[in-house]
Amino acid sequence: MNKKNVVFGFLGNVLDQRGKGRKRWGRWRPTVDVCNHPELPVSRLELLYQACDQRLLTEIVQDIHTIAPQTQVNPVEVQIRDPWDFEEVYTCLLDLAKTYQFDAEAENYFLNITTGTHVMQICWFLLAESRFYPARLLQPSPPEKNTAKAENVLSVAEEHQHLCSRGQINIIDLNLHRYDQILTRFQQYASQATELLKSGIATRNQHYNQLITEIEQVASRSHAPILLSGSTGAGKSFLAKQIYQLKLNQHQLSGQFVEINCATLCGDNAMSTLFGHHKGAFTGAITARSGLLKQADNGLLFLDEIGELGLDEQAILLKAIEEKQFYPLGSDKLVSSQFQLIAGTNRDLKQAIAEGKFREDLYARINLWSYQLPSLAERKEDIEPNIDFELARFAQEYGIMPRFNQQSRSRYVNFATSATALWTGNFRELTASITRMATLATQGNITLVQVEDEIQRLQQHWQQGTIADALIPSELDEFDRYQLEKVLEVCRKSRTLSEAGRYLFAVSRAQKQRANDADRLKKYLAKYDISWEQIKTDLVKTF
């Protein structure tokens, strides 16, 4: 399929206005000339103009229709008070790019850099380079010699056929060395991509800021997989969504963001969810399913906790990453998908490889760009700006702006950034904490009393986690772990061993003639080498 050519350009109120009446046909006018090259037929011209140039616009549109009736001219009115103001021009063109429906698969895009001020030309270059416009640059130039016929020998037929003086048209790059001041200001706009990845949060942690800067460069310039490591709640999913938005803004992607936690997948369900299945592939497969990899075609696929994938799924995923093709479950027909991959994990994948639980070749493929996200406890200088972010997010969702007073804010920030604040749940825990206080705030005012209540709630939660971490054996089935954690929670809240036993064995004790709840609980704890004294001692140490 031949792609259509689409050109963006400013109406030049100097170069495009040369000549009056029939004389104008013998003069070189860049906007008209762009549409007068058979070797580069223009299907559509997006012609940007100011309201004050309406008369010139009408004339240029009519002349283009005369020499190139196949060209659709789409006038786009812009409001630029000062065409030499970099910020105003750049913002105007950026806003246009954000709302324009680009279709890079069906159309080629070009930016006419001959018309307009130098600032306008530079802005075209910068927006093309950053891929806000998925376009190449066009520079029409006048002919070396004016070969147009004199006005008195031009017939109407000639005016309709070779009419204007045709120049040359080149696809070029701009030389920016003379525009150091403008380039310096452009760096401020380039930082917008980094701010997007941080969702506008003014983070202060130097290591994290350096990390985000590099991720922005990689995301903007590479289609290779990215591996995000970090503890649960460190922000892997959030960052993956921001990377997707960045790539979408730069027109690198046209598909959707698809996310799945691999820990939720098992057996045929894992294969079907990821790669799809053919009708009748297994019991219950009544209809065909496309699968997440296909849904992410031309988009971004985020596989969180990729270390939980089975070895069979890992093998098919590797082929899909390398070849962009895979077989759905129960099908012998290859399916293609041009997805980009971001993987997340809280596991040590090298250790998983040593244990035979993760493929080394898949790890090598997804480890080209690997980033370890620091936990919230490692970024305590970023807690305060994140508090402001969470308050603003709550306001956007619920329509009420919650606020601390000076005393309550100082108390909460001092606690949140102290050594005693563990933040074991990372940013999710901070989000939950702010949400609780904001929800309970009367008329949006978060008081000191509410802060103290929230601090106590967090301390109790961390205390429970500390006891569990210290007393629960590391090698334990999840079923037994959950049961033991609950027993320890009851013991922590109870004054005596007997009181805890009565609560835990309330149903079964009623069926016994002689209840010895304390002894039953003591024997249960002994299975894990835990004594009542240890629980109470660790409880005291926690405080």
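- Considering only heavy atoms from C-beta on, Leu126 comes within 4.5 Å of Phe86 through its side chain.
- Side chain of Asp382 to main chain of Asn205: a donor-acceptor pair is present (N/O by atom type, distance under 3.5 Å, no hydrogens or angles).
- Checked by atom type and distance alone, the side chain of Lys380 pairs as donor or acceptor with a backbone atom of Ala421 at under 3.5 Å.
- Across every non-hydrogen atom of Lys236 and Ser229, the tightest pair is CD-C, 4.0 Å.
- Classification of Arg359 and Asp361 as a salt-bridged pair holds, one side-chain N sitting under 4.0 Å from a carboxylate O.
- A distance-only check finds a donor-acceptor pair linking the side chain of Glu305 to the backbone of Asn346 [under 3.5 Å].
- Gln210 and Tyr208 share no donor-acceptor pair across their side chains, judged by distance under 3.5 Å alone.
- A side-chain donor-acceptor contact under 3.5 Å links Ser418 and Thr420.
- Of the possible donor and acceptor atoms, none in the side chain of Glu390 sits under 3.5 Å from a partner among the backbone N and O of Thr435.
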For this session: Please test Asp388 against Arg393 for salt bridge (charged side-chain N to carboxylate O under 4.0 Å, His left out), starting from the C-alpha separation and ending with a verdict.
Result: CA-CA 9 Å; Asp388 294 330; Arg393 183 157 65 174; over 6 Å; no
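- Atom CG of Leu521 and atom OG1 of Thr496 lie 10.0 Å apart (nearest 0.5 Å).
- Taking both residues in full, the closest heavy atoms of Phe102 and Tyr133 are given as CZ-CD2, 3.6 Å, listed atom of the first, atom of the second, then distance.
- At distances below 3.5 Å, not a single donor-acceptor pair connects side-chain atoms of Asn298 with backbone N or O atoms of Leu253.
- The two residues Pro134 and His251 make their nearest non-hydrogen contact at CD-CD2, 3.6 Å.
- In this structure, Lys324 is positioned above the aromatic face of Phe339, its NZ or CZ under 6.0 Å from the six-membered ring centre and within 45° of the axis.
- For Gln450 (side chain) and Thr447 (main-chain N/O), a donor-acceptor pair under 3.5 Å exists by modelled atom type.
- Taking a cutoff of 4.0 Å between a charged side-chain nitrogen and a carboxylate oxygen, Glu454 and Arg457 qualify as a salt bridge.
- Evaluated for a side chain to side chain contact (heavy atoms under 4.5 Å, CB included) with Leu362, the options Gln314, Glu313, Lys319 yield exactly one hit, Gln314.
- Inspection of the Gln340 and Tyr244 side chains reveals no N or O donor paired with an N or O acceptor under 3.5 Å.
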For this session: Verify side chain to side chain donor-acceptor pair (under 3.5 Å) between Thr91 and Glu87, making sure each step is shown before the conclusion.
Result: CA-CA 6 Å; Thr91 301; Glu87 183 173 0; 5.2 Å; no
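- Taking 4.5 Å as the limit, some side-chain heavy atom of Leu94 sits within range of a side-chain heavy atom of Phe132.
- Within the 4.5 Å cutoff, the side chain of Gln325 has no heavy atoms near those of the Val335 side chain.
- Contact of the Phe257 side chain with the Gln245 side chain is not registered, since no non-hydrogen atoms from C-beta on lie closer than 4.5 Å.
- If you take CD1 on Ile446 and CZ on Arg403, they are separated by 10.5 Å, rounding to the nearest 0.5 Å.
- Tyr363 pairs with exactly one of Ile306, Leu318, Ile353 by the side chain to side chain contact (heavy atoms under 4.5 Å, CB included) rule, that one being Ile353.
- Across all non-hydrogen atoms, the minimal contact from Thr424 to Glu429 is N-OE1, 3.1 Å.
- Two residues are said to be in side-chain contact when any heavy atoms from C-beta on lie closer than 4.5 Å; Phe404 and Arg411 fail this criterion.
- Minimum heavy-atom separation, Asp517 to Phe505: O-CE1, 3.7 Å.
- Judged by distance alone, the side chains of Glu378 and Trp423 never bring a donor and an acceptor atom under 3.5 Å apart.
- Tyr398 and Thr439 form no side-chain donor-acceptor contact under 3.5 Å, judged by distance and modelled atom types alone.
- Using modelled atom types, one side-chain atom of Gln256 and one backbone atom of Gln295 make a donor-acceptor pair closer than 3.5 Å.
- Between Ala377 and Leu422 the shortest heavy-atom distance is CB-O, 3.7 Å.
- A side-chain donor-acceptor contact under 3.5 Å links Asn405 and Ser408.
- Checked for salt-bridge contact, Lys523 and Asp519 meet the test: a charged N lies under 4.0 Å from a carboxylate O.
- Judged by distance alone, with hydrogens and angles left aside, the side-chain atoms of Ser331 form no donor-acceptor pair with the main-chain N or O of Pro328 at under 3.5 Å.
- Comment: Asp297 engages Lys294 in a salt bridge, judged by a side-chain N to carboxylate O separation of less than 4.0 angstrom.
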